Amino acid sequence: MPVAKPESSDSRIIAHIDMDCFYVQVEQRKHPNLRGLPTAVVQYNEWKGGALIAVSYEARKCGVKRSMRGDEAKEVCPEIQLVCVPVARGKADLNTYRNAGSEVVSVLAKKGRCERASIDEVYLDLTEAAETMLAQAPPENIEVVDAEAVKSHVLGLNDENGIDPKENVRKWLCRSHADRRDKLLACGALIVAELRMQVLMETEFTCSAGIAHNKILAKLASAMNKPAQQTVVPFSSVKGMLDSLPIKKMKQLGGKLGSSLQNDLGVSTVGDLLKFSEEKLQERYGINTGTWLWNIARGISGEEVQGRLLPKSHGSGKTFPGPRALKTIASVQHWLNELCEELSERLCSDLDKNKRIAHTLTLHARAYKSSDSDSQKNFPSKSCPLRYGSAKMQDDAFNLFQAGLREYLGSNNAKTQEGQNSGWGITGLSISASKIVSIPAGTCSITKYFHGQELPGSLSKESLKQDDFTLEAALSPSGSGSYLEMKLTDKLIECSGEDTEVKDEMPYIDQRENKNDFWKDQNSCCLSTKQAQDDPNGVTSLTSGTGCCVEMSPSQQQRVTLGEETSITYAKSNLKRLERKRNKLKDKGTYSILRFFKNNDEPSCSSRKHEHVENIDVKAPSSAADVPEESPLDEQRREAWSYNIDEIDPSVVEELPPEIQEEVRTWLRPHKRPNIVKRGSSICHYFLPTRNA
DNA sequence: ACGGGTTACACG
DNA sequence: TCGTGTAAC
């Protein structure tokens with residue numbers, strides 16, 4: 001459960017952007033003839049027409065649900081268009097959707113700190129942008145407020161009889177006498193409307209958004225009016241919204257924890273949670289979850305928007321349901337090979353585009369054992385250091401599997417040797433790569449600050465440290481199996497700005513014009529076509545050849561230095577195209593996201609009580625006293641600095657050079673409290689009370 | 001014995 | 001640290 005540093009004066013402006021039935025939109029962009037038709041994306045249409053993984057809003061109107069199979073959807077909606085997820089290596093291939101998600105991120109990340117929350121969702125911290133707007137061009141001075149912005153839904157804003165709701169919203173957005181927080185929200189709404197328009201123009205995708213003072217409220221709001229609309233949550237309507245919100249609708253409470261709150265505590269709405277003291281909640285659910293619950297009941301959440309544009313891990317997996325369970329070692333090995341190939345390709349792509357290296361390979365499997373005591377034990381997951389190259393990964397994955405299988409079957413069991421089963425079956429296999437670090441790691445912004453723009457050959461090894469990995473360890477053959485065999489020249493490859501992760505998964509700006517050809521050309525996984533053309537010679541091969549290669553040339557270093565300029569050029573031309581497109585849209589009078597929908601239903605803004613939440617007493621995780629040991633590393637740091645991180649006033653960061661503020665802030669973020677509860681009531685297993693009564 | 005395939009994170 | 005489990009899309 002996320003620990004929050006609840007900000008009592010939380011006047012941040014946070015947006016949550018949620019793509020509308022994303023996979024469907026991706027397919028509709030590819031096949032424009034499907035636009036406006038009831039459409040769903042299915043994977044594997046063999047059995048019962050396949051499983052629906054995304055349903056267009058037109059199809060939802062016909063009663064098509066996500067839980068249906070393709071055949072079922074056809075029954076309730078015979079006109080439905082079913083599009084299959086691409087298949088590669090015998091399994092679903094989600095790359096097109098991942099790349100499309102990256103496109104969206106690269107549009108949104110231009111404004112404010114951006115966190116990629118999932119393949120089709122991001123959070124944005126727009127506090128600064130909103131403050132700037134408020135100071136320089138507040139909505140009250142704008143003659144005509146953006147056409148998209150006035151379509152916002154403002155929670156708690158009552159319709160006035162006979163008045164165009166849009167006019168009402170326009171008035172709200174422009175109120176000059178409003179609470180400062182509301183004014184900032186209004187700015188946020190304008191910014192988000194603009195951003196959504198930009199997403200539409202640059203990607204052809206529509207999205208919905210929530211604008212609020214923290215992440216959880218923004219997330220809640222973005223789902224309230226879909227598709228292609230945005231919802232604002234003024235501070236004053238938070239209580240009204242939460243009081244009647246079913247507990248399971250709250251993020252993180254959709255599962256067992258939410259059920260436990262309902263069944264064990266009789267909580268049915270978030271408002272009902274207010275009846276319980278923080279101590280009571282902690283006692284039952286643990287110290288962190290308890291505090292978190294207490295806070296979200298009041299709409300408080302201090303979680304920050306993490307500036308992370310790229311995933312923290314990659315995985316590839318497949319299930320083998322029922323009769324298709326794998327019964328031989330050979331078939332397991334075959335599928336592991338396929339999975340490893342896909343993973344390897346994606347890792348190479350990540351390395352190539354983002355200069356990141358994964359360090360851990362993990363294998364998960366699901367199995368059943370018909371013979372003995374039924375599947376009490378789950379197949380154990382196993383991990384090992386990750387070696388690049390698909391052959392190596394296949395090797396390692398297979399070894400991990402065998403280790404897991406031995407453990408799973410127990411050494412007592414009859415030997416399974418050479419293939420044929422003895423009562424076991426594998427129903428799911430997946431491998432994943434985690435502990436991904438960028439090169440150069442860690443202190444990028446700070447290194448850059450101290451060294452200026454010049455990328456230093458003399459970069460100290462200290463500064464490259466991140467977690468337990470040094471660049472050295474990562475790149476040089478270590479012990480038995482060498483890691484990535486890469487000869488780094490004396491210079492750093494790349495050191496991008498405040499975010500070390502601004503690089504898109506797909507260099508989409510470059511590829512935008514001929515997006516349709518891009519993947520066809522992309523046969524080799526590690527070298528973008530552009531690079532291949534640019535670097536006909538002087539290329540050093542950096543990895544062993546298992547079909548996956550990494551290449552860097554001396555000239556690449558130059559290009560890296562030029563990188564900024566280059567992308568600015570691209571961005572400029574892109575902006576021009578955008579301008580053109582926008583003008584075109586304006587001329588046609590289609591300056592509206594909703595116009596992209598044939599039959600959008602006119603959404604009604606559910607108006608809420610205009611109630612004030614007074615003097616919310618923010619509870620930070622109670623500090624000091626019972627906080628046990630810290631990690632040695634923290635201790636060291638604190639000793640060296642003679643400061644307790646918890647006691648540093650966060651505002652001092654603002655006095656640091658802007659380039660390094662972001663990074664320092666991450667050091668100052670509050671630590672989670674070890675989940676130690678008073679002896680005796682040690683239980684944070686919410687399901688425990690039910691059993692063993 | 002599954003909507004499937006991924007991701008992220010808490011806890012021990 | 002690693003491994004397991006929950007939750008979400």
Side-chain angles (χ1 to χ4, degrees), chain A residues 1-3 18-19 21-23 40-44 47-55 65-73 85 87 91-95 97-98 101 115-121 219 223 248 250-260 285-289 292 303 306 308 310-325 339 342-343 346 360 362-364 366-370 374-375 377-384 400 404 407 425-436 467-468 631 672-677 682-687:
Chain A
M1 210 62 36
V3 108
D18 196 8
M19 305 308 294
C21 54
F22 188 50
Y23 289 17
V41 175
V42 297
Q43 56 191 10
Y44 306 129
W47 188 55
K48 299 188 176 184
L52 302 201
I53 58 176
V55 180
K65 299 275 178 58
R66 259 244 286 301
S67 58
M68 293 177 173
R69 316 251 358 153
D71 291 347
E72 219 177 333
V85 172
V87 171
K91 65 178 290 299
D93 178 5
L94 304 181
N95 271 322
Y97 312 114
R98 276 189 278 259
E115 173 182 338
R116 189 195 123 130
S118 81
I119 195 165
D120 68 344
E121 281 176 281
K219 163 89 185 172
K248 299 268 259 174
M250 182 65 83
K251 187 172 141 101
Q252 297 291 311
L253 301 183
K256 299 191 180 186
L257 180 51
S259 297
S260 167
Y285 297 114
I287 194 157
N288 290 312
T289 302
W292 180 82
E303 288 170 77
Q306 309 291 311
R308 185 178 50 76
L310 299 174
K312 291 176 142 181
S313 66
H314 300 287
S316 174
K318 178 166 177 60
T319 56
F320 308 94
R324 287 195 266 182
L339 298 177
E342 184 194 323
L343 184 59
R346 284 163 57 195
T360 303
T362 307
L363 175 130
H364 297 264
R366 289 182 59 112
Y368 71 79
K369 226 180 343 184
S370 59
D374 352 5
S375 47
K377 264 204 308 181
N378 275 338
F379 199 99
S381 70
K382 295 281 169 195
S383 56
C384 70
L400 291 177
E407 203 173 304
I426 300 298
T427 56
L429 280 177
S430 86
I431 49 162
S432 56
S434 58
K435 296 194 181 150
I436 304 181
D467 296 336
D468 290 331
S631 76
K672 197 149 303 188
R673 286 177 297 173
N675 195 11
I676 293 177
V677 194
S682 68
I683 304 311
C684 48
H685 289 228
Y686 12 93
F687 44 86

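This is a predicted model, so every value here is computed, not measured. Every chain is numbered from 1, with letters handed out A, B, ... down the list of sequences.
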Separation of [X] atom [atom1] from [N] atom [atom2], in whole Å?
X	N	atom1	atom2	value
Glu121(A)	dT7(B)	CD	C1'	11 Å
Arg366(A)	dG5(B)	CZ	P	12 Å
Gln43(A)	dC9(C)	CD	P	17 Å
Trp292(A)	dA10(B)	CH2	C1'	12 Å
Asn288(A)	dA7(C)	CG	P	16 Å
Glu115(A)	dA8(C)	CD	P	16 Å
Leu94(A)	dG5(B)	CG	C1'	6 Å
Arg308(A)	dA8(B)	CZ	P	5 Å

Any [X] side-chain nitrogen or oxygen under 4.0 Å from OP1 or OP2 of [N]:
X	N	result
Lys251(A)	dC9(B)	no
Thr289(A)	dT6(C)	no
Lys219(A)	dA7(C)	no
Lys312(A)	dC9(B)	yes
Thr319(A)	dG5(B)	yes
Arg98(A)	dC9(C)	no
Ser381(A)	dT4(C)	yes
Tyr285(A)	dA10(B)	no
Lys91(A)	dT6(B)	yes
Arg116(A)	dT7(B)	no
Ser383(A)	dG3(C)	yes

Does [X] reach a base, just sugar-phosphate, or nothing at all? Heavy atoms under 4.0 Å.
X	result
Phe320(A)	nothing
Arg66(A)	base
Ser432(A)	nothing

[X]: side-chain contact (heavy atoms from CB on, under 4.5 Å) partners, not counting sequence neighbours:
X	result
Arg69(A)	Trp47(A), Lys48(A), Ala51(A), Glu72(A)
Ser313(A)	Ser434(A)
Ala433(A)	Leu343(A), Leu347(A), Ala358(A), Leu386(A)
Val42(A)	Leu52(A), Leu82(A), Cys84(A)

Looking only at atom P, what distance separates dA1(B) and dG5(C), rounded to whole Å?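 Approximately 14 Å lies between the P atom of dA1(B) and that of dG5(C).
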
Of Thr427(A) and Tyr44(A), the one whose closest DNA chain B nucleotide lies more 5':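 Final value for this comparison: Thr427(A).
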
Let me know, please, whether Tyr23(A) or Gly315(A) comes out on the 5' side of the other along DNA chain B by nearest nucleotide.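 The 5'-side residue here is Tyr23(A).
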
If I compare all heavy atoms of Ser260(A) with all of Tyr285(A), which pair ends up nearest, and what's the gap?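 Closest approach of Ser260(A) to Tyr285(A): OG-OH, 2.7 Å.
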
Looking at every heavy atom in both Tyr23(A) and Ala54(A), which two are closest together, and how far apart are they?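 Shortest heavy-atom contact: CB-CB, 3.7 Å.
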
Specify the residues of residues 47-55 of chain A, ordered by number, for which at least one heavy atom lies under 4.0 angstrom from an atom of DNA chain B.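 Close to the strand are Ala51(A), Leu52(A), Ile53(A).
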
Can you identify which nucleotide, out of [options], has its nearest atom closest to the [X] side chain?
X	options	answer
Asp120(A)	dG5(C), dT7(B), dC9(C)	dC9(C)
Ala92(A)	dG5(C), dT6(B), dG5(B)	dG5(B)
Leu257(A)	dT7(B), dT4(C), dA7(C)	dA7(C)

Taking the side chain from Lys248(A) and the backbone from Leu253(A), do they hold a donor-acceptor pair closer than 3.5 Å?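 Not a single qualifying donor-acceptor pair exists.
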
Partners passing salt bridge (Lys or Arg N to Asp or Glu O under 4.0 Å) against Lys219(A) (at least two apart in sequence or in another chain):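 By the salt bridge (Lys or Arg N to Asp or Glu O under 4.0 Å) rule, Lys219(A) matches Glu121(A).
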
Compare all side-chain heavy atoms of Ile119(A) with those of Arg98(A) and state whether any distance is below 4.5 angstrom.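 The answer is yes; the side chains approach within 4.5 Å.
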
